[in-house]
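Worth knowing before you read on, the calculation uses all heavy atoms, side chains too, and leaves out hydrogens, waters and symmetry mates. Fair warning: this is a prediction, and the values are worked out from it, not measured in the lab. Counting starts at 1 for both ligands and their atoms, following the listed order.
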Amino acid sequence: MTDTTETSGYACSAYGCPAAASRKTGADWVCMYHGLAQSAGAWQKITNRLNLRKAILNAIARTAAIGPYDWAKTRHIGAAEAMRKIGREDLAPRIVTRVHAVYGIQVQRDERDYLALWVERLQNTLIAECVDAVPEPQQDETRTGEAEPRTVGNLFPSTASVAAFVSDDVEVHA
Ligand SMILES: [Zn+2]
């Protein structure tokens with residue numbers, strides 16, 4: 001039994017990173033989170049933050065073995081319970097309001113019906129808390145202007161059918 005998060009089984013090149021590699025950056029295979037790092041100086045802080053959120057990474061890994069039917073029927077209940085147990089009730093599957101990417105209208109979707117939506121929110125949460133929240137050691141003059149918010153939807157626009165339908169603005173429905 002392992003906590004490998006990808007079928008490839010490659011570990012992220014960042015020392016001590018608990019996530020599996022999913023992309024190549026230069027000569028290194030790194031996870032999606034280190035792949036988004038603005039600088040090498042941020043790597044260790046990203047690793048530290050990911051290690052504090054290993055339970056979320058493990059939850060994402062476990063969803064690979066869950067079929068959409070089983071998810072909608074019963075498995076979302078266990079997922080909600082697991083999130084409560086780790087003190088992240090905010091990450092339990094629930095109804096989210098999203099904005100349609102093209103028409104700008106608000107659409108309500110229930111993560112309890114759509115596993116991919118929930119996985120996407122978990123990944124976006126990790127990006128926000130482990131990558132975007134890391135302060136840069138110094139301002140790099142080559143980085144000007146506001147970058148697009150980095151989300152899973154932006155990363156895989158052609159493969160994430162859900163992301164293609166809705167934009168990345170996820171609002172948790174109270
Ligand atoms: Zn990593």
Looking at residues at least two apart in the chain, or sitting in another chain, which of them share a ring-ring contact (aromatic ring centres under 6.0 Å, His included) with Tyr103? His100

Honestly curious: do Ile56 and Met32 fall in one hydrophobic cluster under the side-chain, below-4.5 Å linking rule? yes

Is the shortest distance from a Lys or Arg side-chain nitrogen in Glu89 or Arg84 to a carboxylate oxygen in the other one below 4.0 Å? yes

So the protein N/O/S atoms within less than 2.8 Å of the Zn ion (ligand 1) come down to Cys12 SG, Cys17 SG, Cys31 SG, His34 ND1

Taking the side chain as every heavy atom from C-beta outward, state whether His34 and Asp28 have any pair of such atoms under 4.5 Å apart. no

Are any side-chain N or O atoms of Arg49 and backbone N or O atoms of Glu129, one a donor and one an acceptor, separated by less than 3.5 Å? yes

Val134 side chain reached by Gln38 side chain, heavy atoms, under 4.5 Å: no

